[in-house]
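Okay, so here's the structure we're looking at.
Bear in mind the structure is a predicted one, so any value in this text is a computation, not a measurement. Each chain gets a letter, A, B and so on, in the order the sequences are listed, and its residues count up from 1.
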Amino acid sequence: MPELPEVETVARELRPHLIGRQITKATVYWPRSIACPSAEEFSKLVCGRRILNVARRGKYLLFPLADGWTLLIHLRMTGNLHVQPTEHPLNRHTRVILSLDDGYTLRFTDQRKFGRLWLTQTPEAIVGKLGPEPLDPSFTARDLATRLWGRRAPIKAVLLDQRCIAGLGNIYADEVLFAAGIDPRRPANSLTDTEVHRLHAAIRTILAEAIRAKGSTLRDYRPPTTGSGQFQAHLQVFRREGKPCPICGTPVQRVRLAQRSTFFCPHCQR
DNA sequence: ACCACAACCTGGCCGC
DNA sequence: TGCGGCCAGGTTGTGG
């Protein structure tokens, strides 16, 4: 599922269930879901520690634990997290279960097994490479301009680069470029000042609206608990090839860019 | 610094 | 019904 709005939604929904809980047991069904340390070390180290907070940075979830440890989770394409009672039946794609001290469990499911968990004392080593949080007030249009400067790659490819800005993925990159009226194939360094300002505004507006709608729900695979997002109803171009542009009626076009399907209006996006 | 491509995985869908 | 090919909201590593 997850780009910034979806990960933010997961964090918000998990927070009240997890803050203050102690982890009593870890069960790893797919050891490679644990990126670091080994699955055995992970289980040993995570047990007995209390969850102090639930936070998000880019598309990462951060769970600061007692004693300076942090649990980090990246959902990648199909990862999901649910809080369920201990006796709740196992989902077929369950990869890791953390038992809590209140009779509930935090379950990580992941059909495609791309998602990863880390247990670390230095989370900055992982999330420190990320670009700025687009919704942070300190992220300005000037900041964006600096980051685009000197980059000749297509603007869409640069928006997907997490070191440039953290949190945009394929859906929201397309939607943001549509809202800003910018052709996704344009070299990033060819954007005018006005366009960078429009892009900056679009990034913030679209992400904020998507969070308000609790993100987008696109594929049918989506276990319950996490209330389904509603932003898919607001998508203007993403996966709408051939359908009329909501502004001018021109059929939405699809191209391959940075190895990803890219949707845009050839008339409104110049 | 950039691009293309493969790899990591599972499963749905489409056409034959 | 079966099979091959293509697609999927992400990231990393390789080689050119």
Side-chain angles (χ1 to χ4, degrees), chain A residues 1-10 29-36 56-61 72-81 91-96 108-118 125-131 134 147-178 184-190 203 206-207 210-211 213-223 226 228-242 254-263:
Chain A
M1 20 171 314
E3 298 181 33
L4 187 151
E6 291 76 26
V7 179
E8 177 63 28
T9 301
V10 171
Y29 297 90
W30 185 255
R32 287 159 77 177
S33 293
I34 311 294
C36 190
R56 177 193 60 74
R57 175 78 174 90
K59 300 175 192 170
Y60 288 85
L61 287 157
L72 246 109
I73 301 181
H74 197 301
L75 303 171
R76 295 280 175 94
M77 298 286 266
T78 53
N80 222 324
L81 289 165
N91 177 294
R92 169 151 84 111
H93 302 298
T94 303
R95 308 303 177 198
V96 180
F108 172 69
T109 62
D110 187 15
Q111 181 200 109
R112 289 175 73 181
K113 301 176 175 172
F114 289 167
R116 291 290 179 268
L117 287 73
W118 294 257
I126 296 163
V127 298
K129 301 163 193 158
L130 297 173
R147 291 173 170 276
L148 300 183
W149 188 77
R151 298 201 56 171
R152 284 170 298 172
I155 182 63
K156 159 131 183 205
V158 175
L159 291 182
L160 291 177
D161 181 350
Q162 301 299 299
R163 294 165 306 181
C164 180
I165 309 168
L168 289 176
N170 211 28
I171 300 179
Y172 297 106
D174 281 4
E175 291 298 316
V176 151
L177 287 167
F178 174 77
R185 302 165 292 189
R186 293 262 307 279
N189 64 357
S190 75
I203 289 171
I206 301 265
L207 290 178
I211 289 173
K214 298 181 188 265
S216 305
T217 311
L218 257 44
R219 305 205 77 75
D220 26 20
Y221 173 72
R222 166 170 252 278
T226 320
S228 50
Q230 294 304 319
F231 194 73
Q232 66 279 8
H234 303 278
L235 298 177
Q236 309 287 291
V237 288
F238 188 73
R239 291 210 197 149
R240 295 181 57 81
E241 182 182 18
R254 167 179 169 153
V255 295
R256 200 86 182 160
L257 198 48
Q259 282 71 250
R260 316 296 300 277
S261 280
T262 299
F263 303 85

Report yes or no: do A:R112 and A:T78 form a side-chain donor-acceptor pair below 3.5 Å?
-> no
Nucleotide C:dT12, atom P - distance to OH of A:Y60 in whole Å = 5 Å
C1' atom, B:dC3 versus C:dA8: distance in rounded Å?
-> 22 Å
From the candidates B:dC3, B:dC9, B:dC5, the one with an atom nearest any side-chain atom of A:R112 is B:dC9
Can you check whether A:K59 has a side-chain N or O nearer than 4.0 Å to OP1 or OP2 of C:dT11?
-> yes
Rounded to whole Å, CG of A:L4 lies from P of C:dG10 at a distance of 12 Å
Answer whether the closest heavy-atom distance between the side chains of A:I171 and A:L218 falls below 4.5 Å.
-> yes
Which nucleotide in the set B:dG11, B:dC9, C:dC7 lies at the smallest distance from any side-chain heavy atom of A:Q111?
-> B:dG11
Ignoring backbone atoms, test whether A:S261 places a side-chain nitrogen or oxygen under 4.0 Å from the OP1 or OP2 oxygen of C:dC7.
-> no
Rounded to whole Å, CG of A:L168 lies from P of C:dG10 at a distance of 10 Å
Could you give the distance separating B:dC9 and C:dG2 at their C1' atoms, to the nearest angstrom?
-> 22 Å
Would you kindly give the CE-to-P distance between A:M77 and B:dA7, to the nearest whole Å?
-> 17 Å
Roughly how far apart, to the nearest Å, are B:dA4 and C:dC7 at atom P?
-> 16 Å
Check for a donor-acceptor pair, side chain of A:Q162 on one end and backbone N or O of A:G58 on the other, with a separation under 3.5 Å.
-> no
Pair assignment for DNA chain B - dot-bracket with | for other-strand partners, Watson-Crick or G-U under 3.5 Å | .|||||||.|||||||
Could you tell me whether the side chain of A:W30 reaches within less than 4.5 Å of the side chain of A:D110, counting heavy atoms only?
-> no
Counting side-chain heavy atoms from CB outward, which of C:dG10, C:dA8, C:dT12 is closest to A:F114?
-> C:dG10
Has A:K113 got a side-chain N or O lying under 4.0 Å from the OP1 or OP2 atom of B:dC8?
-> no
In whole angstrom, give the distance that lies between atom CD of A:Q259 and atom P of B:dC2.
-> 14 Å
Between C:dC7, B:dC9, C:dT11, which nucleotide has the shortest distance from any of its atoms to the side chain of A:R260?
-> C:dT11
Answer yes or no: does a side-chain N or O of A:R116 lie under 4.0 Å from OP1 or OP2 of C:dG10?
-> no
Exercise: identify the closest heavy-atom pair between A:V158 and A:A188 | CG2-CB, 3.8 Å
OP1, OP2 of B:dG11 versus side-chain N and O of A:H93: anything below 4.0 Å?
-> yes
Closest of B:dC2, B:dC9, C:dA8 to the A:A153 side chain is B:dC2
So A:N170 and A:K156, side-chain contact (heavy atoms from CB on, under 4.5 Å) or not? Walk me through it.
-> CA-CA 9 Å; A:N170 211 28; A:K156 159 131 183 205; 2.5 Å; yes
Looking only at atom types and distance, does a side-chain atom of A:E241 sit under 3.5 Å from a main-chain N or O of A:F263, one as donor and one as acceptor?
-> no
Check the angle between the aromatic planes of A:F231 and A:Y172 and answer parallel, tilted or perpendicular using the 30° and 60° thresholds.
-> tilted
Which whole-number value in Å describes the distance from A:E6 CD to C:dG10 P?
-> 9 Å
Look at the side-chain N and O atoms of A:H74 and state whether any lies under 4.0 Å from the OP1 or OP2 oxygen of C:dT11.
-> yes
Within residues 154-162 of chain A, find the residues that approach DNA chain C with a heavy atom at under 4.0 Å, and present them sorted by residue number.
-> A:Q162
Just call it for A:Y172: base, sugar-phosphate, or nothing, with non-hydrogen atoms closer than 4.0 Å on any strand.
-> nothing
A:R186 side chain reached by A:P154 side chain, heavy atoms, under 4.5 Å = no
Name the closest nucleotide to the A:R92 side chain, picking from C:dG10, B:dG11, C:dA8.
-> B:dG11
Can you check the A:R256 CZ to B:dC5 C1' distance for me, whole Å?
-> 12 Å
Considering only heavy atoms from C-beta outward, does the side chain of A:K59 approach that of A:P2 to under 4.5 Å?
-> no
Which whole number of Å gives the distance between the P atom of B:dC5 and that of C:dC6?
-> 13 Å
Considering only heavy atoms from C-beta outward, does the side chain of A:V237 approach that of A:E175 to under 4.5 Å?
-> yes
Identify which nucleotide among C:dT12, B:dA4, C:dA8 has an atom closest to any side-chain atom of A:R76, counting heavy atoms from C-beta outward.
-> C:dT12
Separation of A:N80 atom CG from B:dT10 atom C1', in whole Å?
-> 15 Å
